[in-house]
Amino acid sequence: MATPLTASRLLKALRDEGLVVHEVRSWRTHNRNAKGPWGPMHGVMIHHTATEGTGSSVDLCYDGRSDLPGPLCHGVIDKKGEIHLVGNGRANHAGLGDRDVLRAVINEDPELPKDNAADTDGNRHFYGFECINLGDGKDPWPEEQRVAIEKVSAAICRAHGWSERSVIGHKEWQPGKVDPRGFTMDDLRGRIKKRLAKAAEGPPDADGSGSGGSVPVPPKPQHPPYEPFPGRDFFRTGASSPVITAMGERLVAEGCDHYKDGPGPEWTEADRTSYAAWQRKLGFRGKDADGVPGRVSWERLRVPNS
């Protein structure tokens with residue numbers, strides 16, 4: 001039995017393991033605690049998103065779907081091996097699973113029983129991490145991403161004093177689930193075991209590599225040159241801001257101009273159409289090119305600070 005890590009302790013544990021971590025919007029207070037209990041904690045659960053694209057996947061896991069509100073996990077692990085924290089507290093990721101599996105995780109048994117029942121609340125007891133992968137058995141798992149999955153799991157196990165046996169896949173918890181698809185959980189647990197046998201790697205340097213924190217990080221400028229991503233919810237009907245004007249001017253400069261008048265400070269259909277052209281220019285397709293800014297496309301647009 002373990003008390004859930006606070007947001008600050010979770011962030012520190014991940015960074016101490018050598019991970020690059022991004023804090024997404026209001027992740028520290030974003031949870032489903034009003035819908036059920038959170039804790040005691042017994043393990044870490046790994047999933048795949050069945051999506052592609054970092055920005056849209058992170059936004060989906062933060063916001064959720066019409067039939068399943070977010071957060072859909074606690075963190076998203078992208079293809080580069082970077083972590084995007086989207087929730088702190090109860091999250092809609094595990095669902096109902098097998099109580100015999102939970103008992104085996106608590107006891108850290110060497111073998112897990114077959115998950116043949118859905119009778120126990122997993123959202124209460126597991127940290128959940130979604131890994132960006134289509135889950136079709138063809139989408140590759142870059143080594144950087146697999147190392148990050150290993151490090152995330154080890155960081156939380158180290159913080160709670162757990163072994164690798166406290167890490168399971170969604171497919172081992174709930175009947176009918178296949179995620180994560182593309183590697184075996186036994187292989188992942190073997191990697192976690194080896195990592196736990198060593199000291200934590202230490203926080204990454206400013207360039208993203210592990211160093212133990214020996215290189216000082218220069219302070220951020222008071223006014224960063226580019227406007228930070230304000231979140232998808234910012235771009236809604238009725239929104240008005242100089243940021244939207246600056247965004248439109250950058251879209252025009254990039255040749256993604258669908259404006260008849262403007263651009264101006266109010267979010268309009270012309271903004272959405274122009275931004276969709278920018279997303280397509282970057283190679284996004286389908287729902288990833290819906291015209292609503294996501295983090296990756298926004299950062300590549302480099303909107304000047306207004």
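Heavy atoms only: backbone and side chains are in, while hydrogens, waters and symmetry mates are out.
Electrostatic pairing of Lys281 and Glu254 counts as a salt bridge here, judged by a charged N lying under 4.0 Å from a carboxylate O. A salt bridge is defined here as a Lys NZ or Arg NE, NH1 or NH2 lying under 4.0 Å from an Asp or Glu carboxylate O, and Asp121 with Arg99 fails to meet this definition. A salt bridge links Arg191 to Glu150: at least one charged side-chain nitrogen sits closer than 4.0 Å to a carboxylate oxygen. Salt bridge annotation for Arg302-Glu227: absent, with no cationic side-chain nitrogen under 4.0 angstrom from a carboxylate oxygen. Of the charged side-chain nitrogens involved, none lies within less than 4.0 Å of a carboxylate oxygen, so that Arg158 and Glu201 do not count as a salt-bridged pair. Between Lys80 and Glu144 there is no salt bridge, since none of the side-chain N atoms of the basic residue sits less than 4.0 Å from a carboxylate O of the acidic one. The pair Arg25-Asp233 meets the salt-bridge criterion, since a charged nitrogen lies less than 4.0 angstrom from a carboxylate oxygen. Comment: Arg280 does not engage Asp288 in a salt bridge, judged by the lack of any side-chain N to carboxylate O separation of less than 4.0 angstrom. A salt bridge links Arg232 with Asp290: at least one charged nitrogen is closer than 4.0 Å to a carboxylate oxygen.
Around atom NZ of Lys171, more than 12 heavy atoms belonging to other residues, nucleotides or ligands sit under 6.0 Å away. Within a 6.0 Å sphere centred on CD of Glu111, heavy atoms belonging to other residues, nucleotides or ligands number 12 at most. Open room surrounds CG on Asp261; 12 or fewer heavy atoms of other groups in view lie less than 6.0 Å from it. Atom CD of Glu82 has more than 12 heavy atoms from other residues, nucleotides or ligands within 6.0 Å.
Cation-pi contact between Arg272 and Phe235: absent, since separation from the ring centre below 6.0 Å together with deviation from the ring axis within 45° is not met.
Residues Cys131 and Ile46 form a side-chain contact, since some pair of their non-hydrogen atoms from C-beta on lies under 4.5 Å apart. Proximity of Val44 to Ile168: side-chain heavy atoms (C-beta onward) are nowhere separated by under 4.5 Å.
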Working for side chain to side chain donor-acceptor pair (under 3.5 Å), residues Ser153 and Arg195: CA-CA 10 Å; Ser153 303; Arg195 182 165 292 277; over 6 Å; no
Verify side chain to side chain donor-acceptor pair (under 3.5 Å) between Ser166 and Glu108, making sure each step is shown before the conclusion. CA-CA 6 Å; Ser166 290; Glu108 296 196 320; 2.6 Å; yes
Intermediate values then yes/no, salt bridge (Lys or Arg N to Asp or Glu O under 4.0 Å), Arg295 and Glu299: CA-CA 6 Å; Arg295 181 177 297 276; Glu299 291 178 351; 3.8 Å; yes
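Each of Leu282, Thr54, Val292 was evaluated against Ser297; a single residue qualifies, Leu282, per the side-chain contact (heavy atoms from CB on, under 4.5 Å) test.
Between Trp162 and Tyr127, the ring-plane angle classifies as tilted under the 30° and 60° cut-offs.
In this structure, the ring of Phe126 has its center no less than 6.0 angstrom from the ring center of His93. Taking the six-membered ring for Trp and the full ring otherwise, Trp173 and His42 have centroids separated by 6.0 Å or more.
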Atom pairs and distances, side-chain donor-acceptor, residues 176-183, under 3.5 Å, sequence neighbours left out:
| unit_1 | atom_1 | unit_2 | atom_2 | d |
| --- | --- | --- | --- | --- |
| Asp179 | OD1 | His170 | ND1 | 3.1 |
| Asp179 | OD2 | His47 | ND1 | 3.3 |
| Asp179 | OD2 | His170 | ND1 | 3.3 |

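Remark: side-chain polar atoms of Lys79 are paired, donor with acceptor, to backbone N or O of Pro140 under 3.5 angstrom.
The distance from atom CE of Met247 to atom CH2 of Trp278, rounded to the nearest 0.5 Å, is 12.0 Å. For the atom pair OG1 (Thr49) and CG (Leu134), the distance works out to 7.0 Å, reported to the nearest 0.5 Å.
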